[in-house]
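A note on names: the letters A, B, ... follow the listed sequences, proteins ahead of strands, and every chain is numbered from 1. Every heavy atom of this structure was used, including side-chain atoms; hydrogens, water molecules and symmetry mates were not.
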Amino acid sequence: MTVRTRFAPSPTGYLHLGGLRSALYTYLFAKKNGGTFILRIEDTDQEREVPGAVELIYKSMRQAGLFYDEGPDVGGEYGPYIQTQRRDTYLPYAMQLVESGAAYPCFCTKEELQQRRDEATARGEQWKYDKHCLNIPKEEALRRMQSGEPFVIRQNVPTTGVASFEDAIYGHVEAPCDTLDDNVLIKQDGLPTYNFANVIDDHLMGITHVMRGTEYLSSTPKYNLLYEALGWTPPVYIHMSPVMKDSSRKLSKRYGDPSFEDLLSQGYVRDAIINFIALLGWCPDVKKYGEKEFFTMDELIEAFDLSGLSKCPAIFNTEKLLWFNHEYISRMPLDEYQKMATPWFDKVLAGKNMDYTMLSTLMHTRTEIFSKVPEMIAFLAELPEYDIDIYTHKKMKTDAAISLKALELALPALEAIEDFTEENVKAVLMDLAAKNEMKNGQIMWPVRIAISGLASTPGGATEIAYLLGKDETLRRIRLGMDKLQSNG
RNA sequence: GGCUCCUUGGUCAAGUGGUUAAGACACCGCCCUUUCACGGCGGCUACAGGGGUUCGAAUCCCCUAGGAGUCACCA
C-alpha cells in the first residue's frame with residue numbers, strides 16, 4: 001500500500017507553529033515511506049476565511065521546505081484540492097446515509113435550537129441535539145427538502161453502545177455513544193462541515209494515514225461510525241499532541257505568539273526552525289541516532305518514526321530555538337552569513353562604508369538571531385555614552401590611571417600607522433605592551449573601551465579599530481583620554 | 001459539569017519490570033582568551049501523590065490530584 005498523507009489547513013491566517021509542526025510530521029511520514037504528501041484547503045467555513053490566507057499557506061509551505069506532491073496550485077489526480085470547489089461531491093454521500101438511516105435531514109432553525117438549548121441549560125442539563133427531526137417520516141422530509149425549505153443533514157449517532165477507533169499513538173480510544181451528539185454533516189448553505197468533509201475527502205483522495213492534532217481525538221469515534229455506514233475502511237489515525245505557549249495555553253496568534261513567518265522575519269533561519277520544531281514532541285530512535293540533534297530535512301525523513309512521537313503537549317520555548325539558530329548561523333559559510341546579515345548591518349551602518357566582510361567574520365559566530373545584530377553593532381555607527389568605571393577591570397589589571405597611560409601611549413603609535421589594517425594595528429599595540437612591560441590586556445582593554453564605549457563587544461580592540469578606520473579610532477581615543485583626565 | 005486523553009528536572013526529552021534514571025537547552029563555577037562569544041571541564045535540579053501486583057516498578061493495575069482536548073450549521 002502506498003502511503004498517502006495530507007495536510008489540511010483552513011485558510012484563516014498565517015501558518016502557526018503548531019500547524020507547521022503537524023505539516024512537517026505529516027510530510028516526513030509520507031516521505032519516509034516513499035509516499036505522497038498532499039495539501040488540501042479546508043475552506044468550508046466561508047465566514048472565517050481570511051483573504052490571502054490560501055496564498056500565504058502555499059508560500060509558507062515552500063519556505064519551510066515542505067513540498068507537496070498534490071495540491072491546489074500543483075494539481076494532482078484527486079483534485080480539486082479546495083473543498084469549496086468540491087461542494088457538489090458531498091450531498092450525494094449524505095443522501096446515501098439518509099437512505100440507510102445513518103443520517104437524517106433536520107429542519108430546526110437556529111433560533112429553535114438555541115431556545116431548547118437554553119431551556120436544557122436552565123434545567124441544569126447537558127444539551128445535545130434531541131433528535132427532534134428524526135421523527136419526521138422520510139417521505140415528508142424529502143418533500144420538504146425538495147420544496148426548498150432550509151435544512152441541514154445530521155449524523156444519526158446510536159443512543160447505545162460505544163464508538164471507537166485505533167490510534168497509532170494513543171492506542172484504542174472509545175467513547176459511549178450516548179455522550180456523542182448528532183452533528184451537522186451538511187450545513188444549510190449546502191457545504192459540508194469538517195465532520196463530514198474530512199471523511200469524504202480523505203476517502204476520495206485515497207488518504208491512508210490521517211495525521212492531525214489531538215483536538216480531533218474525541219470526535220474521531222464518530223468519524224469511524226461514518227466510515228462504517230459508508231462501507232469504507234477507515235484510515236490509520238495518527239493524532240499529534242499540541243504545541244503549547246505554557247503549561248495551560250496553546251500557542252496562538254491571539255496572544256502575540258509568533259508564526260513561522262514571524263520567526264523568519266525576526267532572523268531565525270529556516271533550517272534551525274525546522275530542526276527545533278521537529279524535536280519538539282518527537283525524538284529520534286536513540287539506538288540508531290544516539291545523541292544526534294542536528295538534522296537536515298533529508299536526515300529527518302530518514303529518521304522519522306511514529307514511535308518517537310510524544311503523547312503529551314510540548315511547551316514552545318525560544319531558548320533552545322535560539323541556541324539552534326546560533327549553531328546554524330555559526331555553521332553556515334561566511335559568504336552566506338554576509339548575504340543574510342547585510343540588510344541588518346545596513347539598518348545602522350548604511351552609508352558608513354564599513355568593511356562588511358570583516359564585520360561578518362566578527363559577527364558570524366556571535367549572532368544568535370539576526371534581529372539582535374543592529375544593536376550589537378550600533379556602537380560602530382556612534383560611540384555610546386559610557387561610564388569610566390568600565391575602564392577598570394580586575395583580570396586585565398586595569399584602572400583609570402593605567403587606562404589613561406595606555407591611551408596616551410596608543411594614540412601616537414596608532415597615528416603613525418600608514419596602512420591602518422587590523423594586522424598593523426595589532427602589531428603596534430602588542431609591541432607597545434611589550435616595550436612598556438605591560439600586559440597585553442592593559443593596552444587592549446582600554447583601547448577597546450575607548451573606541452567602543454562598551455564592556456563587551458563583538459571582536460577585540462584591533463578589529464574594531466580597523467572597522468572604524470584611523471580617523472574615527474583616534475577621535476574616540478582622544479575622547480576617552482578627555483573623559484579619564486576630567487574624572488581623574 | 002459529561003466524555004476523551006495526558007503527567008520523568010525550569011524547558012525539550014531517553015527510558016516499554018532489574019539503569020549510579022541518559023542527553024540537550026537554560027543556569028552556576030573553573031579553564032582558555034586583548035572583552036564578549038566559541039571551545040574544554042565540572043556542578044545544580046526530575047519519575048505528581050497514595051495504594052496495590054511482584055523477589056524487584058518511572059515502567060503493570062486502581063484511586064486521588066493536576067493539566068489538556070472536546071461538548072457549534074469552526075475547523
Side-chain angles (χ1 to χ4, degrees), chain A residues 8-10 12 42-45 47-48 106 108 110 113 117 124-128 150-154 167 169-171 173-176 178-181 183-189 191-195 197-198 212-221 239 241-242 244 247-250 276 279-287 290-291 293 307-308 310-324 326 330 362-368 376 390 393 395-396 426 429-430 433 439-449 452 454-464:
Chain A
S10 57
T12 52
E42 309 223 328
D43 60 344
T44 56
D45 185 0
E47 286 181 20
R48 286 208 317 159
C106 168
C108 296
K110 287 185 184 177
L113 290 172
R117 182 172 314 172
E125 289 171 15
Q126 176 71 41
W127 164 260
K128 211 179 91 171
F151 67 93
V152 301
I153 293 178
R154 288 181 183 274
D167 187 272
I169 311 296
Y170 293 91
V173 176
E174 59 177 35
D178 63 2
T179 64
L180 269 22
D181 202 357
N183 285 131
V184 169
L185 265 22
I186 300 285
K187 298 184 281 183
Q188 213 178 89
D189 64 7
L191 284 167
T193 59
Y194 175 84
N195 304 99
N198 92 83
R212 50 155 76 128
T214 50
E215 63 266 33
Y216 299 108
L217 207 54
S218 54
S219 46
T220 300
H239 286 91
S241 60
M244 311 289 284
S247 61
S248 60
R249 279 191 301 180
K250 252 172 104 166
F276 170 72
L279 263 20
L280 194 65
W282 173 75
C283 184
D285 186 350
V286 178
K287 289 189 190 74
E291 308 299 340
E293 56 182 343
S307 65
S310 171
K311 287 181 184 178
C312 43
I315 297 173
F316 173 79
N317 185 335
T318 34
E319 278 174 357
K320 185 133 190 191
L321 172 58
L322 207 54
W323 176 78
F324 265 116
H326 186 190
S330 302
L362 296 184
M363 294 294 291
H364 186 27
T365 59
R366 281 173 249 250
T367 303
E368 279 191 305
M376 288 172 76
I390 60 175
H393 191 279
K395 242 185 92 187
M396 294 299 113
K426 184 169 185 175
L429 293 182
M430 296 292 259
K439 289 188 58 186
N440 290 340
Q442 287 177 309
I443 298 289
M444 297 297 189
W445 179 272
V447 170
R448 195 182 56 79
I449 296 298
S452 72
L454 296 172
S456 74
T457 51
T462 59
E463 291 99 339
I464 292 167

In this structure, how many angstroms lie between the [atom2] atom of [N] and the [atom1] atom of [X], rounded?
| X | N | atom1 | atom2 | value |
| --- | --- | --- | --- | --- |
| A:Ile186 | B:A72 | CD1 | C1' | 16 Å |
| A:Glu293 | B:G23 | CD | P | 12 Å |
| A:Gln188 | B:A72 | CD | C1' | 14 Å |
| A:Lys320 | B:C12 | NZ | C1' | 6 Å |
| A:Leu362 | B:C36 | CG | C1' | 11 Å |
| A:Lys250 | B:G69 | NZ | P | 6 Å |
| A:Gln126 | B:G2 | CD | P | 10 Å |
| A:Met244 | B:A13 | CE | P | 12 Å |

For [N] versus [M], give the span between their [atom1] atoms, rounded off to a whole number of Å.
| N | M | atom1 | answer |
| --- | --- | --- | --- |
| B:U8 | B:A58 | C1' | 7 Å |
| B:C60 | B:C47 | C1' | 16 Å |
| B:C63 | B:C25 | C1' | 36 Å |
| B:G18 | B:A13 | C1' | 23 Å |
| B:U64 | B:C12 | P | 27 Å |
| B:G15 | B:A75 | C1' | 36 Å |
| B:G50 | B:G69 | P | 28 Å |
| B:A14 | B:C6 | P | 15 Å |

Take A:His239 and A:Val173 through the test side chain to side chain contact (heavy atoms under 4.5 Å, CB included) and record every step on the way to the result.
CA-CA 11 Å; A:His239 286 91; A:Val173 176; over 6 Å; no
Looking at the side chain of [X], which of [options] is the nearest nucleotide?
| X | options | result |
| --- | --- | --- |
| A:Ser248 | B:C6, B:A75, B:G67 | B:G67 |
| A:Thr457 | B:A13, B:U35, B:G2 | B:U35 |
| A:Val152 | B:C36, B:C73, B:A75 | B:C73 |
| A:Met444 | B:U4, B:U11, B:U34 | B:U34 |
| A:Trp323 | B:A13, B:U34, B:A26 | B:A26 |
| A:Arg48 | B:A22, B:C73, B:C74 | B:C74 |
| A:Thr179 | B:C3, B:C6, B:C74 | B:C3 |
| A:Ala175 | B:A75, B:C3, B:U70 | B:C3 |

Return the CG to CZ distance between A:Leu322 and A:Phe276, rounded to the nearest 0.5 Å.
10.0 Å
Tell me whether the OP1 or OP2 atom of B:G69 has a side-chain N or O from A:Lys311 closer than 4.0 Å.
no
Look at A:Ser330 and B:A37 and indicate whether a side-chain polar atom (N or O) is within less than 4.0 Å of OP1 or OP2.
no
Flag side-chain contact, heavy atom, 4.5 Å: A:His393 against A:Ile449
no
Closer to the 5' end of RNA chain B via nearest nucleotide, is it A:Leu321 or A:Trp127?
A:Leu321
Starting at the 5' end of RNA chain B and moving along, which residue's nearest nucleotide shows up first, A:Lys128 or A:Asp285?
A:Asp285
Using a heavy-atom cut-off of under 4.0 Å over every strand shown, decide if A:Val173 touches base, sugar-phosphate, or nothing.
sugar-phosphate
Once Watson-Crick and G-U wobble pairs under 3.5 Å are found, how is RNA chain B written in dot-bracket notation, 5' to 3', with | for any base paired to another strand?
((((((((.[[[..)..(....]]].(((((.......)))))....[[[[[..)....]]]]])))))))....
Residues that A:Thr193 engages under side chain to side chain contact (heavy atoms under 4.5 Å, CB included), provided they are two or more places apart
A:Val184, A:Lys187, A:Asn195, A:Phe196
